[in-house]
Chemist: 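To start, I am sharing the structure in question, which I have written as structure tokens.
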2 protein chains.
Amino acid sequence: MTGAGQLAIVGLGPGGPAHRTRAAEDAVRAAEVVVGYRSYLDQCADLTGPHQVQVPGGMGAEQERAVDAVHAAADGHRVALVSSGDAGIYGMASLALCTVAGLVAERRPAVHLVPGVTAATAAGALLGAPLARDFACLTLSDILAPWAAVEARVRAVAAADLVLALYNPRSASRPWQLARAVQVLLEHRRPDTPVGLVTDAGRHGERVELATLAGLDPGEVGMRTVVIVGSSATSRVGDWLVTARELAVPG
Amino acid sequence: MTGAGQLAIVGLGPGGPAHRTRAAEDAVRAAEVVVGYRSYLDQCADLTGPHQVQVPGGMGAEQERAVDAVHAAADGHRVALVSSGDAGIYGMASLALCTVAGLVAERRPAVHLVPGVTAATAAGALLGAPLARDFACLTLSDILAPWAAVEARVRAVAAADLVLALYNPRSASRPWQLARAVQVLLEHRRPDTPVGLVTDAGRHGERVELATLAGLDPGEVGMRTVVIVGSSATSRVGDWLVTARELAVPG
């Protein structure tokens, strides 16, 4: 096939079909080729069928997946590149867009980005309303960054008293970073600052736990956990974490 | 009716049905009473019918809407309290949860929070991938906060070189705050820092504009605009705004 095709970069939301958007479902169903990390293909298996080509990839092979998806679209196919959550937030969108921009103009496919419910939002809804006023999303992954740069951002957010949603807080190859981030946060926040841990939101085995900053056990945290650290305006309200929408005069 | 009912706090996503989740649609369809600001009721009018009681409210009357919804649920009804975007992010969730917690135990309804695609995510997808690595969401509204506290947060995020999504950047009663926030950002960021303006994402009249920090015209910005300000790692890639996923060594 020749002539540029179409590329949809799709966020599937946090887990199963319940938190997927109609636009995401339509984009996957309409695709001739579906590209994604294997567990993301599983996440939309109810939308795909034998008439579609599925191109799975390994966890680390993100650049390859972006290239596979973009080149299939450049060859004239209708392609969906799928990510969990929102593809624009620690997902495949930036890689894919840069790959498209690198093509000669006549091979560039039409690109359509489909937003999804990102992990921080899904975790927030399971915890209550911790993101009610002002927050930051940071990743603790130091694969694409020196740890010093990651830590500098944690420190800045801690000092600014923003609620913090931590993505990729811990994995087998990154065992100590979360404990270090907690130390940094404790330089600026009270030991009893409420923390919520949400693992596998919207999936089998979903787990929601409440802790305090000083009491957080990194052993409870895995690759698929989102850690939400409250600000000085976050408190336990019944079983929920709620951040007040009012801001006090800065001290 | 007596005995506590059910309260679903529902995020409808940014605009029409395309970016709504199935869980949000199910929650609205299943409700006997649907409570929300009038334009949010319009946003889910395709899901509601004459068998349901609809309780609209004015823009400012958020506390009343929360009380209406919670009390209807406490009286035994199945209630959906709807917000645009995600109800937990500058939405109705925190007010509603605090209202529930204030009830005597036997009147407290079962509460279910349904996450939605929030405005920053929807705007990001229309712009490219500006939120690809680490960002903050701030509101410029100083209705529930002294401006000094709002400005302090803008300054902290500017200094931390985080991508920034600004909610409620400007309204008729808050005409100068955005220009002041831009001044603060310019103390820390280059004049040519890319900025994206998205108005009415997913709605009729959707508008996407690119600007620079120094060139931003506050007159282009309204109540339903989300302003995304890039970091030093954000650049124009073709027609898109993309933030690199790599972080440099802090300077």
Side-chain angles (χ1 to χ4, degrees), chain A residues 13-14 17-23 26 86 88-91 93-95 97-98 100-101 113-118 121-122 124-126 128-139 144-146 148-150 152-153 156-157 159-160 162 237-238 240 242-250, chain B residues 11 13-14 17-23 86 88-91 93-95 97-98 100-101 113-118 121-122 124-126 128-139 144-146 148-150 152-153 156-157 159-160 162 237-238 240 242-250:
Chain A
H19 298 298
R20 230 162 38 192
T21 68
R22 195 180 297 186
D26 290 348
D86 181 81
I89 300 180
Y90 311 114
S94 58
L95 274 176
L97 294 179
C98 292
V100 170
L113 294 118
V114 182
V117 172
T118 187
T121 318
L126 287 164
L131 309 181
R133 178 167 190 136
D134 301 342
F135 63 97
C137 293
L138 299 181
T139 174
L144 298 171
V150 176
R153 289 188 165 184
V157 168
L162 292 176
V237 173
W240 299 300
V242 176
T243 299
R245 303 193 317 159
E246 295 79 17
L247 271 191
V249 179
Chain B
H19 299 299
R20 230 162 37 193
T21 68
R22 194 179 298 185
D86 181 81
I89 299 179
Y90 312 113
S94 58
L95 274 177
L97 294 179
C98 291
V100 170
L113 294 117
V114 182
V117 172
T118 187
T121 319
L126 287 164
L131 309 180
R133 179 168 189 135
D134 301 342
F135 63 97
C137 292
L138 299 182
T139 174
L144 299 171
V150 176
R153 289 188 164 183
V157 168
L162 292 176
V237 173
W240 299 299
V242 176
T243 299
R245 302 194 317 159
E246 296 78 18
L247 270 192
V249 178

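Naming: A, B, ... by sequence-line order, numbering from 1 per chain.
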Chemist: Just so I understand: if I count every heavy-atom pair under 4.5 Å between each of B:Ser94, B:Gly13, B:Ala160, B:Ala244 and chain A, which residue has the most?
Modeler: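 The candidate making the most pairs under 4.5 Å is B:Ser94.
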
Chemist: Give the member of A:Ala156, A:Pro130, A:Gly116 that has the highest number of heavy-atom pairs under 4.5 Å with chain B.
Modeler: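 When all of A:Ala156, A:Pro130, A:Gly116 are compared, A:Gly116 has the most.
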
Chemist: Indicate the atoms forming the closest heavy-atom contact of B:His19 with A:Pro115, along with that distance.
Modeler: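 Heavy-atom minimum between the residues: CE1-CD, 3.5 Å.
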
Chemist: Below 4.5 Å, heavy-atom pairs only: which of B:Ala125, B:Ala129, B:Pro14 has the largest tally toward chain A?
Modeler: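 If we count pairs closer than 4.5 Å to chain A, B:Ala125 comes out on top.
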
Chemist: Taking all atoms of both residues into account, what is the closest heavy-atom pair of B:Arg153 and A:Arg133, and its distance?
Modeler: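 Heavy atoms of B:Arg153 and A:Arg133 come nearest at NH1-O, 3.9 Å.
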
Chemist: Hey, which of A:Thr139, A:Val150, A:Leu126, A:Asp26 has the most heavy atom pairs under 4.5 Å with chain B?
Modeler: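 Highest number of heavy-atom pairs under 4.5 Å: A:Thr139.
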
Chemist: Please name the pair of heavy atoms, one in A:Ala145 and one in B:Leu247, separated by the smallest distance, quoted to 0.1 Å.
Modeler: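 Where A:Ala145 meets B:Leu247 most closely, the heavy atoms are CB-CB, 3.2 Å.
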
Chemist: Taking every heavy-atom pair that is under 4.5 Å apart, which of A:Gly124, A:Gly128, A:Gly238, A:Ala93 has the most such pairs with chain B?
Modeler: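 The answer is A:Gly128.
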
Chemist: If you count heavy-atom pairs within less than 4.5 Å of chain A, which of B:Thr118, B:Leu97, B:Leu162, B:Val117 leads?
Modeler: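 Heavy-atom pair counts peak at B:Leu97.
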
Chemist: Most heavy-atom pairs under 4.5 angstrom with chain A, which of B:Val237, B:Leu113, B:Asp134?
Modeler: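 Of the candidates given, the most pairs with chain A belong to B:Asp134.
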
Chemist: Flag the one option from A:Ala136, A:Ala101, A:Cys137 with the top tally of heavy-atom pairs under 4.5 Å to chain B.
Modeler: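 Option with the greatest count: A:Cys137.
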
Chemist: Highest number of heavy-atom pairs under 4.5 Å with chain B: which of A:Val114, A:Thr243, A:Thr121?
Modeler: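 Highest number of heavy-atom pairs under 4.5 Å: A:Thr121.
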
Chemist: Would you mind reporting whether A:Val157 and A:Phe135 have side-chain heavy atoms less than 4.5 Å apart?
Modeler: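 Of all side-chain heavy-atom pairs linking A:Val157 with A:Phe135, none is under 4.5 Å.
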
Chemist: Between A:Gly91 and B:Arg245, which heavy-atom pair has the shortest distance, and what is it?
Modeler: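 It is O-NH1, 3.4 Å.
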
Chemist: Relative to chain B, which segment of A:Val242 carries a heavy atom at a distance below 4.5 Å: side chain, backbone, both, or neither?
Modeler: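 Contact with chain B involves the side chain of A:Val242 alone.
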
